[in-house]
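Inspection log for the structure reproduced underneath, given as structure tokens.
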Amino acid sequence: MKNIDKIQLGHNGPFVSKLGLGCMRMSSIWGGPTPNETESIATIHEALDHGINFLNTGDFYGAGHNEILIGKAIKDRRDEAFISVKFGAIFHNGQWLGLDLRPNSIKNFINYSLTRLGIETIDLYEPSRMDDSVPVEDIIGTVADLVKEGKVRHIGVSEITAQQLRKANEVHPISALEIGYSLADRQIENELLPAAEELGIAVIAFANTAEGLLTGDLKAPLADNDYRNHFSRFQGDNLLNNLNKVEVFKQIASEKSCTPTQLAIAWVNAQGDHIMPLVSMSRRSRLPENIAAMDIVFTTEEMNTLNTTFAIGAIQGGTYLQR
Ligand SMILES: NC(=O)c1ccc[n+]([C@@H]2O[C@H](COP(=O)([O-])OP(=O)(O)OC[C@H]3O[C@@H](n4cnc5c(N)ncnc54)[C@H](OP(=O)(O)O)[C@@H]3O)[C@@H](O)[C@H]2O)c1
């Protein structure tokens, strides 16, 4: 396997791997089988071996389990890893209760994250969402104070609007925007992506496979205990329509001699030098396939076909990502 290219986070920001390792599914979050911790740690190690140094977590992933796991994995390899942490989402028994973005809460959260990770500074710290209960100025201002204290190196944001992004960037330079982006979810192309590009903010794009839709492995109906049954995209006629679109996607992947997942990652990667595909991988066997996806290039004709087939609105129904 080759080493991965680099991407710069913001103006004069750090260079990190152009492919990011999403660690969320290394902890139990939405139910399903308990992930294998030994394999998860081995996956982080093998990713680092191949130059994938951008590790993404949230303090609420597995109620802190994810940070503890990453802490174990990087114990002797801190200098090789770039740690990105989201905060502010409040869960109880796996149920979303809302956000807590109050300045005092943020100052409290970070100390727990640092302890669980076993590090002194978080490389990229991000409010997981924004809401109207706390002004953007106060949220970003508090994280900026943590930068001054040396507890945070760079500030990111996640799942916010173009207006919020501009406001946040006025308070303190924002290095990265973490956002769901795939051929199935392209609404951000209207306002948010142009704003990020204009402001020189890197885009950390997750859910490239659109909750597995673009892996080509889904069949209707989903199993009764599949969490995706809650999303209208995976229900009834929507799912049938969407799986028809995925057949076109699978055909293009086959013509390019790649897997549908590789095609999904490659499309995101091709959207710009400032855009990072952030991919969940909980087992080492995923790495060769997903690293190879970073080498896939498209002809203009292939790109046009994909963009037309998956124009905004072509995939029916939503997931938790709909804005
Ligand atoms: N900011 C936010 O609001 C937010 C929200 C969600 C996620 N995230 C971050 O973004 C990361 C990625 O998001 P995601 O997990 O929703 O989407 P994703 O990367 O599309 O992953 C979805 C699933 O694809 C599987 N997968 C990976 N490589 C594959 C391959 N080559 N073939 C078939 N399946 C493959 C993974 O399985 P395995 O795990 O079994 O390898 C995973 O369960 C997360 O880990 C998290 O760090 C951020």
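Note that the structure is a prediction, hence the values are computed from the model and not measured. Atoms within a ligand are numbered from 1 in the order they appear, just like the ligands themselves.
- Across the listed options Thr43, Asn56, Thr209, Leu213, Thr209 owns the non-hydrogen atom lying nearest to atom 22 (C) of ligand 1.
- When only non-hydrogen protein atoms are considered, atom 3 (O) of ligand 1 lies nearest to Arg129 NH1, 2.9 Å.
- Remark: ligand 1 atoms within the under-4.0 Å shell around heavy atoms of Met281 are 41 (O).
- Between Ser232 and Gln235, the side chains place no donor N or O within less than 3.5 Å of an acceptor N or O (distance only, hydrogens not considered).
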What do the steps show when you test Glu289 against Thr259 for side-chain hydrogen bond (donor to acceptor under 3.5 Å, both in side chains), and what is the final call?
-> CA-CA 8 Å; Glu289 181 179 338; Thr259 66; 2.7 Å; yes

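- A cation-pi contact, defined as under 6.0 Å to the ring centre and within 45° of the axis, links Lys256 to Phe298.
- Here atom 36 (C) of ligand 1 lies nearest to Ser280 when heavy atoms of Ala293, Ala89, Ser280 are compared.
- Remark: ligand 1 atoms within the under-4.0 Å shell around heavy atoms of Arg286 are 26 (N), 27 (C), 28 (N), 29 (C), 30 (C), 32 (N), 33 (C), 34 (N), 35 (C), 37 (O), 38 (P), 40 (O), 41 (O).
- For Glu289, every heavy-atom contact with ligand 1 shorter than 4.0 Å involves the side chain, none the backbone.
- For Val279, no nitrogen or oxygen atom sits less than 3.5 Å from a nitrogen or oxygen atom of ligand 1, counting backbone and side chain alike.
- With hydrogens and angles left out, the side-chain atoms of Asn242 and Gln316 include no donor and acceptor closer than 3.5 Å.
- The atoms of ligand 1 that sit less than 4.0 Å from any heavy atom of Thr261 are 29 (C), 30 (C), 31 (N), 32 (N), 33 (C).
- Taking the centre of each ring, Phe206 and Tyr181 stay at or above the 6.0 Å mark.
- In this structure, atom 6 (C) of ligand 1 lies nearest to the protein heavy atom Tyr320 OH, 3.0 Å.
- One finds a salt bridge joining Arg77 and Glu80 here, because a Lys/Arg side-chain nitrogen approaches an Asp/Glu carboxylate oxygen to under 4.0 Å.
- Counting heavy atoms under 4.0 Å from ligand 1, residue Met26 does not touch it at all.
- In this structure, atom 42 (C) of ligand 1 lies nearest to the protein heavy atom Arg25 CD, 3.5 Å.
- At the shortest separation from atom 10 (O) of ligand 1 among protein heavy atoms lies Phe206 CB, 3.0 Å.
- When each atom of ligand 1 is checked for a heavy atom of Asn208 under 4.0 Å away, the hits are 20 (O).
- Between the side chain of Ser27 and the backbone N or O of Asn66 there is at least one donor-acceptor pair closer than 3.5 Å.
- Taking a cut-off of under 4.0 Å to the non-hydrogen atoms of Gly22, the atoms of ligand 1 that pass are 11 (C), 44 (C), 45 (O), 47 (O).
- Side-chain contact check for Trp267 and Asn208: no donor-acceptor pair (N or O, by modelled atom type) lies under 3.5 Å.
- Nearest to atom 40 (O) of ligand 1 among the protein's heavy atoms is Arg283 NH2, 2.7 Å.
- Within the structure, ligand 1 lacks Gln262 among the residues with a heavy atom less than 4.0 angstrom away.
- Heavy atoms of Gly212 come nearer than 4.0 angstrom to ligand 1 in no pair at all.
- Of the N or O atoms in Thr57, none lie within a sub-3.5 Å distance of an N or O in ligand 1.
- Regarding atom 13 (O) of ligand 1, its nearest protein heavy-atom neighbour is Ala207 N, 3.6 Å.
- Contact annotation: for Leu278 versus ligand 1, heavy atoms closer than 4.0 Å belong to both the backbone and the side chain.
- Heavy atoms from other residues, nucleotides or ligands lying under 6.0 Å from CD of Glu39 number more than 12.
- The protein heavy atom nearest to atom 28 (N) of ligand 1 is Asn290 ND2, 3.0 Å.
- Scanning all protein heavy atoms for the shortest distance to atom 39 (O) of ligand 1 gives Ser282 OG, 2.7 Å.
- Residue-ligand proximity, Ser158 to ligand 1, at heavy-atom distances under 4.0 Å covers atoms 1 (N), 2 (C), 3 (O).
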Quick one: do Lys86 and Tyr61 satisfy side-chain hydrogen bond (donor to acceptor under 3.5 Å, both in side chains)? Show the steps, please.
-> CA-CA 9 Å; Lys86 289 178 293 300; Tyr61 288 173; 3.0 Å; yes

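- Between Glu247 and Gln251, the side chains place no donor N or O within less than 3.5 Å of an acceptor N or O (distance only, hydrogens not considered).
- With a 4.0 Å heavy-atom cut-off, ligand 1 is reached by the backbone of Cys23 but not by any atom from C-beta on.
- Between the side chain of Gln164 and the backbone N or O of Met130, no donor-acceptor pair lies under 3.5 Å.
- Aromatic ring centres of Phe249 and Phe310: separated by under 6.0 Å.
- In this structure, the side chains of Leu69 and Ser40 come closer than 4.5 Å at one or more pairs of heavy atoms.
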